[in-house]
Amino acid sequence: MAMIRRVVLRNFKRFDDVPFELNGHVVLAGPNNTGKTTLLQAIAAWALAFAKWRELNDFNPRRNGYPWQDLERLAFSAVSLRSFDLLWRNRQRNDALEIGVQVDGLAMLTMEFRFRAAGQMEARPKTDCSSELVANPAYRLKTTFVPAMAGLAREEMRLADPEAIRYLLAQGRPSEVLRNLLVTAHSDLDAWRTLNSTVYRMFGASLLPPVPGAPLECEFQQAAPDALPVAGLPRLDIASAGSGFLQVLLVLSLMLTQGDHESQQVLLIDEPDAHLHLLLQKTIYDELKSVAAQRGAQLMVATHSEQVIKSADPMELYLMYGKPRKVSEAGEQALLMQSLGVLSQSDLLEANGAKGVLYVEDFTDYGILDAYARSLDDAVALELLTVKLVRKRSRAAVPEGLGEIQPGRHWEMLKLVSPELPAVELLDGDAKNKADESVTGTPEKLQRLRWRYYEIESYLLHPAPWKRFIDAKFGSGADSDAAFAAAMAEMDKVLEPAFRGRPLSPSALEQRVLQTEPVSKTLIPAMLQAAGLHNFGKSRYFEIAQHFMPDEIHPEVTEKLNLLKFAFGVGHDPRQPPAGAAGNSHA
């Protein structure tokens, strides 16, 4: 059977000009709002528009191309929308909207669409599609779009018109036609047998023959299909069935009833795993492939279920993070499954346009780095830190941090979204179990920086900024002077009194203290307490950094900011002189 192998979308909804290379059955994998349903809708729109255009029975192109076919919104069952301009990317309806589909061994057949009014548009094949191509029966595709089930209508009347069923499905109202689909399936012995066999295997239940009265009656019993009906066993209306049971009934009944012998059937199924228990999520994709094989149909599934992704062959997986692409190997499949439970929607949005991702060990690091960049008047570093990076805390819980995931593993997941995304892990000085510093300015491996002191807060111990900080809290005067003196007395207990006069050039003993003492938990809280600044938490330590003058900032801080700029491609390597000119640390 011929299958769709390539789809190209131009200005269709969220996609500007995006090709999709497909391998037979397809599982579109990714979180919400990444375009999975949009691709299914595009294929359905192409099939409907081409089928309507063929009704003109005019396959001969003119000088100005093929004739246009009118499409009415209320009869457009491919996508539910209130106005046709919603099909155009950013609603720019003057731009060309095209959907191209290519099947095995043939050239691509592209349909172009033209907006007329909210309820009307036109469609036709592009002029470069030959008359032989548009007449080829391989392009007579019959698509069935299956939305997720959301409950069941209390009553349902018999709909004799298949178009009415397709229209309600396109409007996202499958709950209003499920009983009609079961009546249709019952009229086909093979379809009914396949449906009952699968339902019994998955749920231990079998459907009784529908009663096509007014309203329709559809019941089931918890028994094998070849034993029905069982006397004394309760007959249950499908309205009492669980949402997962109803979802499977919807998907299978559509698969089994919507094809025909003249067209190639393409089944477009949105979240078949919806409402299903984890064990049944593992089963559903295999069941769908089995039915598709029986019907000679191509299967395209949109999902963010780890279980469905695990059930699929890696060759069938299509990654809908960032720029859509095929999954390359089993290892990437495993990474994709893990990422669904780790990456947040904000991660995905940020990674798409970010300069890179920065991992720090505690949330206070960001505020202190920002404050130092402001004090240095380093606009490039400040913009990088505040708006250009995905910022993650390696010791915080998901979603703000990484939970139990290591930065390197998290970065590999983000590279599913943006393969050229560089990353830096900024470590505290006590992180001796990690590899040495390595800053390459490339995305090939995780880059690392390490503070030479114990932590970033160790660089806050400078008397002059502390005096300005305390003055800002108490106002200059005797109270502020006393608070400052008390804070310095606490510092003298840990560092030599002479340190006050040379904070950027500590003695060997003082360096040893700064390298081994977690001052953010010991010395700084003691200094704040002595100064009378009670309940001044670690999250506010950046306020101390705000009072540093440029010449009071430790040279290592400037060095780290310059290395970060180089690592993320917005500055030169500070370890090398810039080509052709003297270095500027703020460039």
[X] [atom1]: over 12 foreign heavy atoms closer than 6.0 Å:
X	atom1	answer
Asp551	CG	yes
Arg73	CZ	yes
Arg512	CZ	no
Arg575	CZ	yes

Is [X] salt-bridged to [Y], going by a charged N under 4.0 Å from an acidic O?
X	Y	result
Arg448	Glu425	yes
Asp471	Lys467	yes
Lys565	Glu383	no
Asp95	Arg10	no

Residue list, side chain to side chain donor-acceptor pair (under 3.5 Å) with Lys493, at least two apart or on another chain
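Side chain to side chain donor-acceptor pair (under 3.5 Å) check on Lys493 returns Glu490.
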Residues in side chain to side chain donor-acceptor pair (under 3.5 Å) contact with Ser507, at least two apart in sequence or another chain:
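Side chain to side chain donor-acceptor pair (under 3.5 Å) check on Ser507 returns Glu496, Glu510.
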Atom pair CG/CE of Leu416 and Met320 - distance to nearest 0.5 Å
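Going from the CG atom of Leu416 to the CE atom of Met320 covers 13.5 Å.
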Heavy atoms, side chains only, cut-off 4.5 Å: are [X] and [Y] in contact?
X	Y	value
Ile309	Gln333	yes
His410	Tyr359	yes
Lys538	Glu457	yes
Gln41	Lys13	yes

Minimum heavy-atom separation for Ala45 to Phe113, with atom names?
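Minimum heavy-atom contact is O-CZ, 4.3 Å.
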With sequence neighbours left out, write down each residue that passes side-chain contact (heavy atoms from CB on, under 4.5 Å) with Glu543, or none if nothing qualifies.
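Glu543: side-chain contact (heavy atoms from CB on, under 4.5 Å) contacts with Phe469, Lys473, Phe536, Arg540, Gln546.
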Arg391 NZ/CZ over Tyr366 ring centroid, <6.0 Å and within 45° of normal:
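Yes, Arg391 sits over the ring of Tyr366.
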Tyr459 ring center within less than 6.0 Å of Trp451 ring center:
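Trp451 vs Tyr459: aromatic centres under 6.0 Å.
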